[in-house]
Each structure stands twice: as C-alpha cells, then as structure tokens.
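Contents: one structure, followed by commentary.
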Amino acid sequence: MRILTWNINSVRLRMPLLKKLVRECAPDMICLQETKTPDDLFPLRDVEKAGYAYTHIHGMKSYNGVAILSKIPFTTTEIHHRVGREDCRHIAAHVQVAEFKKPVQIHCLYIPAGGDVPDRTVNDKFGHKLDFVDEMAGWFAKEGKSGDPMIALGDFNIAPLEHDVWSHKQLLDVVSHTPVEVEKLTAMQDSLKWHDAIRHFVPDDQKCYTWWSYRNRDWKKSNRGRRLDHIWVTKTLVPHLTGHDILAAARDWEKPSDHVPVMIDLDLKAA
DNA sequence: ATGGTAGGTACCCTA
C-alpha cells in the first residue's frame, strides 16, 4: 500500500500535475491539502478517470480544503471541525487491510499556517495554530484508545527538527520553527506515540525539506527549504514501513505547488 | 532590514 500527501495549492489549477503524479507514483491513497475548492466544484470525474473510485472531500471557497482519493474502499469517513471553526482542515477515512482485524485510520490534516508574527497576543492566526495543535493532541490521545492502527499525514506547517529547516538559528523566530510550535507539535506526537515515518528513513542529522517558498528566485540554488509536510504512523504500523519518497522534482514541474508530494510504502494489502 | 511570488477572488485576503 502506497500512501501520499501533497499540499496541492488549488486542485482545479493543478489537475494536470495530479495526473502526472498518478502516472509517476501510482499511489493507492492520495491525501491533499489546500484544495481551495467547494465540494460541488471539485474535479471528481477527472479523479475517477485517473483511477480513484473512492473519494472523501471537504472543501470551501478560496481557502483550505482537504481530500482523500483512494483505490481502496472506505469503511468509514469523518469530517472534524477544529477549535470551533468549520474551515476544512481535518478529515479521516478508515480502510480494512488483510493484516489487521481493526481498520486502519487515515487522518488528513491541514494545520493553520499561523500568520507572520509568532505572538498570539498580537496575531490571532498564531493563537489559532497553537490551539489547533493542542486540540489535536487531546483528540488523538482519546482516539488512540480504539486500538486502531493510525496514520496522520498532511501539511502540519511546523518543521520540528534542527535539520527540517535550512538554518535552525535563523528560523528560531520564524513561524513554523519557533520553540513554542515545536513544543506543541511534540506534545501532539507524544499523545499517541506517533512515529515520524519520514525520519524513520532519513537520519535526523540529514537536511530534509518538503516546501520551498515561491519568493526565491531559484528555489534549488538557494535551497532554503523546510519540512512542513509529515507522515506519522502508530507503533503497530512501523514494522510494515518499506519505503518512502519526497518528490523534490515536482517543485520544478510547470506551475508547481510550493509543497512537493511526500509518500510512504507499507506492506499491507487491502482486505 | 527588506521584499520577494503565487492562488483565489473581487480590489485584498492567505500562504
């Protein structure tokens, strides 16, 4: 089973790139963020033609929006409203695999970016981000009691480790890498003993990025990246991890997203 | 220290 996450930054604009991604990677499940599309305008017919018969979408006009596209049927789908808003940032789908009695839960997340100023007293967006991560930590702690194997993936908008950013020192006061955000994300990770599936394969002392700003003349030359997109798995899934890829080449596709697709392979078969 | 680019929408928001 191959599962992939991508902040696509407008699904309607980037349908040709989504098709290219399918041709190159053939994931079984694709989790998208920032689809920026109300559900009635989502290009579902194209997605079905590309081989994804099962879809769970939750979008709105202009902002945010998440989607799960799948070749594997869902046993359950969920929409979660977070911190008192209905802003399309968390959906889940459950799939049955042969290896487990319990369903595997897939959680597609788009954590708020948090604005520019890392101080909640002057920037509400930063407060919203911190509260969102706090709420997820509490919610996962409870949901974990189901005993279901779980995968959480998406654009978390936080680069927690020193080598998840191009300069740890220069980004300590930049939203996405501040100590308070890292502390909250770490608490969310501890809530369910989540394992970072990408760092499972990439050593902590090795630079690793999934996002490069549009504002650099030459993203590859300056290489000022951050690892904002994550795939986490619970303990029972760790022995099933067989591979990973970060499609940095997608940053050079025509009209690219500023995020690149991130994927893992698990030796699980649909039931 | 500053401003740089992109997408969606409607002349400005968010990233």
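Source: prediction; values computed, not measured. These values consider heavy atoms only, across backbone and side chains, with no hydrogens, waters or symmetry-generated copies. Each chain gets a letter, A, B and so on, in the order the sequences are listed, and its residues count up from 1.
- Using N1 to N3 plus N6-O4 or O6-N4 for Watson-Crick, or N1-O2 and O6-N3 for G-U wobble, each under 3.5 Å, B:dG8 pairs with B:dC12.
- Rounded to whole Å, the distance from CG on A:Leu41 to C1' on B:dT9 is 13 Å.
- Distance CG (A:Asn216) to C1' (B:dA15): 14 Å, rounded to an integer number of Å.
- Taking atom C1' in both B:dT9 and B:dA15, the straight-line distance is 15 Å, to the nearest Å.
- For the C1' atom pair drawn from B:dG7 and B:dC11, the interatomic distance equals 15 Å after rounding to whole Å.
- Rounded to whole angstrom, the span from the NE2 atom of A:His259 across to the C1' atom of B:dA6 amounts to 12 Å.
- Note on A:Arg224: nothing from the nucleic acid sits closer than 4.0 angstrom, heavy atoms only.
- Residue A:Arg12 places none of its side-chain N or O atoms closer than 4.0 Å to OP1 or OP2 of B:dG7.
- If you take CD of A:Glu34 and P of B:dA15, they are 7 Å apart, rounded to a whole angstrom.
- Counting to the nearest Å, the P atom of B:dT2 and the CG atom of A:Asp116 are 13 Å from each other.
- Closest-nucleotide positions on DNA chain B for A:Pro256 and A:Arg89 were compared, and the one nearer the 5' end corresponds to A:Pro256.
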- [ ] Check the pair A:His58, A:His81 against side chain to side chain contact (heavy atoms under 4.5 Å, CB included), reporting the backbone distance first and the verdict last.
- [x] CA-CA 11 Å; A:His58 182 47; A:His81 302 310; 4.1 Å; yes
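- Separation of the C1' atoms belonging to B:dA6 and B:dA1 is 23 Å when rounded to the nearest angstrom.
- Closest to the side chain of A:Arg215, from the set B:dA6, B:dG4, B:dG8, is B:dG4.
- Annotation: A:His107 is not in aromatic contact with A:Trp232 [ring centroid separation under 6.0 Å not met].
- Contact check, A:Lys36 against B:dT14: no side-chain N or O comes under 4.0 Å of OP1 or OP2.
- Of the P atoms belonging to B:dA10 and B:dT14, the separation is 14 Å, rounded to the nearest Å.
- To the nearest 0.5 Å, the span separating CG on A:Asp155 from CD1 on A:Ile8 amounts to 13.0 Å.
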Task: From CA spacing to verdict: salt bridge (charged side-chain N to carboxylate O under 4.0 Å, His left out), A:Arg89, A:Asp87 - done: CA-CA 6 Å; A:Arg89 295 177 180 275; A:Asp87 55 356; 2.9 Å; yes
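- Ion pairing between a basic and an acidic side chain is recognised when a charged N comes within 4.0 Å of a carboxylate O; A:Asp252 and A:Lys220 show such pairing.
- Comparing B:dT9, B:dT5, B:dC13 against the side chain of A:Tyr63 picks out B:dC13 as the nearest.
- To the nearest angstrom, P of B:dA6 lies 13 Å from CD of A:Glu254.
- In this entry the distance linking CG of A:Asn9 with P of B:dA15 reads 11 Å, nearest Å.
- A distance of 6.0 Å separates CZ in A:Phe42 from CG in A:Leu32, rounded to the nearest 0.5 Å.
- The interatomic distance linking A:Gln33 (CD) with B:dG7 (P) rounds to 17 Å, in whole Å.
- With the nearest nucleotide of DNA chain B identified for both A:Gly115 and A:Ser213, A:Ser213 has the one nearer the 5' end.
- Listed pair A:Lys61 / B:dT9 fails the phosphate criterion, with no side-chain N or O lying under 4.0 Å from OP1 or OP2.
- Nearest to the side chain of A:Lys255, among B:dG7, B:dA15, B:dT9, sits B:dG7.
- The base-pairing partner of B:dG3, taking Watson-Crick or G-U wobble contacts with both distances under 3.5 Å, does not exist among the strands shown.
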